[in-house]
Amino acid sequence: MSTLAHTMMTAARPTDSGLAGPGELDRYPHAESPGVDRVAPPAWDGAEVELGRVGRRAAGSRGRGLHGQLVQQLGQMIVSGDLGADRPLVPEEIGQRFEVSRTVVRESLRVLEAKGLVSARPNVGTRVRPVSDWNLLDPDIIEWRAFGPQRDDQRRELCELRWTIEPLAARLAAGHGREDVQQRLGDMVEIMGHAIAQSDAITFSRADTEFHALLIQLAGNRMLEHLSGIVSAALQVSGGPVTGCDRPNEVSLSHHARIVDALAAGDAHAAESAVRQLLVVHPEVERVVPAPREH
């Protein structure tokens, strides 16, 4: 095993990491960590707030302290519809309800504004913006939508985007021949194989996410690379349509290995075909869009 593969296999190994079957994918690395302090939920008049429903990830899981927690909570509330479009957000009220400083509130609202969730205008104040204004490609918004009322639509849309992005990336990558990146792709397959043997779903998921990010990087198209966050977010969102990536088993591993072999051989058609096979949605999963047909 290469040094990189050994490092990933030995780093951050979870205590309990049995492989997840269909419907059990919430055990992947976005699961909540015990003992993480949350920002207290607000009790705003006129808002039906159930933060336990909208928050799957620990509020401070991104390591941003109170600021990160407040962004997470407000973002989830907006995306879930608990704070509807055009609702005014009064910084003083937010600070009081969440027991945070005006600086924390101000910086959090700036982050949400950059994501298109809120707007701040003179003499109008800060208000929630309609869905049409949101940056739906933002990884945070992808995650919040995936665990809110729009979860089915979000996961279907993510699958459709992956079918558009990744086969194209594989076809382009086959002509670039960057040996260093191809070696890392092979390392990821090796890691996934060892993870399956050791029933280590966390390591498998991390290696799988790295594999697909590398595949898009190898395509040599900066615009595609800019969209790689969508793929990473899709892989981290569990419970949706079950594709080959969601089933850490020998079949999934063989599809990943086929991609690496096709890239090494410079066979663009085989690389694209292998990715499409990997992304096929299994027929027993309900309410999904069929995989695209081969041309």
Residues in side chain to side chain contact (heavy atoms under 4.5 Å, CB included) contact with T164, at least two apart in sequence or another chain
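T164 satisfies side chain to side chain contact (heavy atoms under 4.5 Å, CB included) with no residue once adjacent residues are dropped.
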I'd like to know if [X] pairs up with [Y] as an ion pair, taking the criterion as any Lys NZ or Arg NE/NH1/NH2 lying under 4.0 Å from an Asp or Glu carboxylate oxygen.
| X | Y | result |
| --- | --- | --- |
| D153 | R156 | yes |
| R206 | E210 | no |
| R110 | E113 | no |

Side-chain contact, heavy-atom cut-off 4.5 Å: [X] with [Y]?
| X | Y | result |
| --- | --- | --- |
| R258 | D261 | no |
| H255 | V251 | yes |
| E157 | L136 | no |
| F98 | L74 | yes |
| F211 | I191 | no |
| N221 | L168 | no |
| L215 | L263 | yes |
| R106 | T103 | yes |

Is the backbone of V104 close enough, under 3.5 Å, to the side chain of S108 for a donor and an acceptor to pair up by distance?
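The answer is yes, because a donor-acceptor pair under 3.5 Å joins these two groups.
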Please answer whether the main-chain N or O of A146 pairs with a side-chain N or O of R155 as donor and acceptor at a distance below 3.5 Å.
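Checking the backbone N and O of A146 against the side chain of R155, a donor-acceptor pair under 3.5 Å is found.
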Write down the atom of [X], the atom of [Y], and the distance for their closest heavy-atom approach.
| X | Y | result |
| --- | --- | --- |
| L279 | P167 | CD1-CD, 4.4 Å |
| A271 | I259 | O-CG1, 4.5 Å |
| A219 | A169 | CB-O, 3.5 Å |
| S252 | F204 | OG-CZ, 3.9 Å |
| A85 | P130 | CB-CA, 4.0 Å |
| A120 | T126 | CB-OG1, 3.6 Å |

Qualifying residue, where the test is side chain to side chain contact (heavy atoms under 4.5 Å, CB included) with I216 and the options are L227, L172, L224
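Passing option: L224.
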For a side chain to side chain donor-acceptor pair (under 3.5 Å) with D140, tell me which candidate from Q72, Q76, R145, K115 qualifies.
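In the set Q72, Q76, R145, K115, the residue that makes a side chain to side chain donor-acceptor pair (under 3.5 Å) with D140 is K115.
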Worked check of side chain to side chain contact (heavy atoms under 4.5 Å, CB included) between V79 and Q150
CA-CA 9 Å; V79 170; Q150 311 97 345; 3.9 Å; yes
L137-L158 co-clustered via ILVMFWY side chain contacts under 4.5 Å:
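L137 and L158: one cluster.
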Are I78 and W144 close enough, and set up right, to give a side chain to side chain contact (heavy atoms under 4.5 Å, CB included), and what steps lead you there?
CA-CA 9 Å; I78 292 170; W144 298 336; over 6 Å; no
Evaluation steps, side chain to side chain contact (heavy atoms under 4.5 Å, CB included), between V111 and H67:
CA-CA 10 Å; V111 172; H67 166 255; 3.5 Å; yes
